[in-house]
Amino acid sequence: MQAMCSVFIAVSLDGFIARPDGRIDWLNAANAAVPPGEDCGYADFIAEVDAIVMGRHTFEQVLTFDPWPFGDMPVTVLTTKPFRLGRSFPPTVEASSETPQALTARLSAKGLNRLYVDGGETIRRFIAVGLIDSMTITVVPVLLGEGRRMFGALERDLVLDHVTTKSFPCGFVQSVYRFRRDALLQTPTGANPPIDN
Ligand SMILES: NC(=O)c1ccc[n+]([C@@H]2O[C@H](COP(=O)([O-])OP(=O)(O)OC[C@H]3O[C@@H](n4cnc5c(N)ncnc54)[C@H](OP(=O)(O)O)[C@@H]3O)[C@@H](O)[C@H]2O)c1
C-alpha cells in the first residue's frame with residue numbers, strides 16, 4: 001500500500017508560512033483571536049494521521065512548544081545534519097535523511113500509511129515527486145511582505161482539484177485541494193506526454 005500524504009498548513013494572504021527568520025508570531029497572534037473551541041478542523045485532521053514527517057526547521061519551531069503537541073504520534077524529522085538539537089525530545093521522534101520515496105515506503109511497511117507532511121521545503125520536496133495527495137490550506141488575512149514560502153519553482157504546472165472552501169468568522173479561509181494522481185505525467189504545456197512504443 002502506498003502512503004497517503006497530507007498537508008495541513010496556514011499561510012499569510014501573500015503566501016508565506018513564516019517570517020524570513022522562521023518566526024510564526026503573526027500566526028500565533030491570529031490564532032489568539034480564534035474563539036475558544038474552534039480549531040479550524042485540526043483535531044479531525046490529526047485523528048486521521050498515523051505519523052508526522054517534518055523538516056528540521058519546523059521541528060526546531062515545534063521544540064519551543066510546551067507541552068509536546070503530538071502525544072504518542074511517531075514523528076520523523078528530515079535533516080542532513082547530526083541530530084543534536086540540544087534538548088531532549090520524546091522517544092517517538094526519529095531523524096532521517098531519506099528521500100520522500102524511501103521514507104514513505106519504509107513508514108508504509110511499518111503500517112504508517114497516512115502521513116502529515118509539514119514544513120515548506122519538505123512539502124515542496126514531496127510535491128516535486130508526486131507524493132502529496134491532499135492539502136488543507138488556511139489563509140490568514142495578514143500581509144507579511146516577505147518570508148518563507150509555501151510553494152516554489154516547479155518543473156511543470158501541477159493541476160489540482162478543489163474539494164471545498166470554508167470561511168471562519170475570524171477571517172480565516174480554508175480550502176482543501178487534491179492532487180491528481182497523474183499530475184506528474186503532464187508535460188509543461190499541460191498535455192499528456194507522448195507514449196513510447
Ligand atoms: N504556517 C504554518 O502553518 C507552518 C507550518 C509548518 C512550519 N511553519 C514554519 O515554516 C518554517 C519551516 O519551513 P521551511 O521551509 O523553512 O523548512 P522545513 O521544511 O521545515 O525544513 C527544511 C529542512 O528539512 C530538511 N530536509 C527536508 N527534506 C529532507 C530530506 N529529504 N532529506 C534530508 N533533509 C531534509 C533539511 O534540513 P537540514 O538543513 O538539517 O539538512 C532542510 O533544510 C518554520 O519557521 C516553521 O515554523 C509554518
Side-chain angles (χ1 to χ4, degrees), residues 3-20 22-55 57-62 64-65 67-71 73 75-76 78 100 104 112-154 157-181 183:
M4 300 285 288
C5 299
S6 303
V7 168
F8 190 100
I9 201 160
V11 297
S12 67
L13 186 56
D14 48 354
F16 300 108
I17 61 167
R19 294 194 191 277
R23 281 182 300 131
I24 53 168
D25 57 303
W26 56 276
L27 180 57
N28 294 334
N31 279 332
V34 176
E38 176 59 82
D39 73 348
C40 299
Y42 180 75
D44 288 345
F45 171 80
I46 204 78
E48 299 294 319
V49 166
D50 297 325
I52 303 173
V53 175
M54 65 178 67
H57 297 164
T58 296
F59 182 62
E60 288 179 350
Q61 185 76 42
V62 168
T64 68
F65 300 163
W68 175 252
F70 301 124
M73 180 90 66
V75 174
T76 301
L78 286 168
T104 53
L112 304 174
N113 289 306
R114 301 171 303 174
L115 307 180
Y116 169 15
V117 179
D118 206 13
E121 179 182 337
T122 302
I123 292 167
R124 292 195 295 275
R125 289 189 191 206
F126 273 68
I127 288 175
V129 293
L131 278 174
I132 297 293
D133 294 280
S134 69
M135 296 190 299
T136 301
I137 299 175
T138 304
V139 177
V140 178
V142 58
L143 299 174
L144 300 179
E146 58 178 351
R148 299 192 188 183
R149 289 209 167 271
M150 166 85 194
F151 300 112
L154 290 168
D157 296 350
L158 295 178
V159 179
L160 291 81
D161 292 320
H162 172 249
V163 179
T164 184
T165 292
K166 179 179 181 183
S167 64
F168 295 86
C170 63
F172 293 1
V173 177
Q174 185 180 73
S175 296
V176 179
Y177 296 93
R178 281 197 207 294
F179 282 86
R180 295 181 182 175
R181 277 280 167 198

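Reckoned from all heavy atoms, side chains included, excluding hydrogens, waters and symmetry mates. Nothing here was measured: the structure is a model prediction, and the numbers come from that model.
- In this structure, the separation between OG1 on T76 and CZ on F59 is 10.5 Å, given to the nearest 0.5 Å.
- Contacts classified as salt bridge (Lys or Arg N to Asp or Glu O under 4.0 Å) and involving residues 29-42 (residues at least two apart or in different chains) are not found.
- Put simply, the side chain of F172 reaches to within 4.5 Å of the side chain of N31, judged on heavy atoms.
- Looking only at side-chain heavy atoms (C-beta outward), F70 and V62 come within less than 4.5 Å of each other.
- Once rounded to the nearest 0.5 Å, the distance linking CG of L115 with CD1 of I132 reads 9.0 Å.
- Looking only at side-chain heavy atoms (C-beta outward), L131 and T104 come within less than 4.5 Å of each other.
- The OG1 atom of T58 lies 9.5 Å from the CD atom of E60; values are rounded to the nearest 0.5 Å.
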side-chain contact (heavy atoms from CB on, under 4.5 Å) assessment of D161 paired with R180: CA-CA 7 Å; D161 292 320; R180 295 181 182 175; 2.8 Å; yes
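- Atom CE of M4 has 12 or fewer neighbouring heavy atoms from other residues, nucleotides or ligands inside a 6.0 Å radius.
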Derivation and outcome, side-chain contact (heavy atoms from CB on, under 4.5 Å), residues I46 and M73: CA-CA 10 Å; I46 204 78; M73 180 90 66; 3.9 Å; yes
Which donor-acceptor pairs under 3.5 Å do the side chains of residues 139-154 make with protein atoms, sequence neighbours left out?
from, atom 1, to, atom 2, distance (Å)
R148, NE, P20, O, 3.3
R148, NH1, H57, ND1, 3.3
R148, NH2, P20, O, 3.4

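- For the pair G120 and I17, the tightest heavy-atom approach, listed with the atom from each and the gap, is N-CD1, 3.4 Å.
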V49 and F8: CA distance, side-chain angles, deciding distance, side-chain contact (heavy atoms from CB on, under 4.5 Å) verdict: CA-CA 11 Å; V49 166; F8 190 100; over 6 Å; no
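- Considering CZ of F168 and SG of C40, their distance stands at 4.0 Å, rounded to 0.5 Å.
- A distance of 10.0 Å separates CG of L160 from OG of S134, quoted to the nearest 0.5 Å.
- Considering every non-hydrogen atom in both A47 and R114, the closest pair reads O-NH2, 4.4 Å.
- Taking 4.5 Å as the limit, every side-chain heavy atom of F179 sits out of range of all side-chain heavy atoms of D133.
- At least one side-chain heavy atom of Q174 sits under 4.5 Å from a side-chain heavy atom of T136.
- A distance of 9.5 Å separates CD1 in I9 from CG in L27, rounded to the nearest 0.5 Å.
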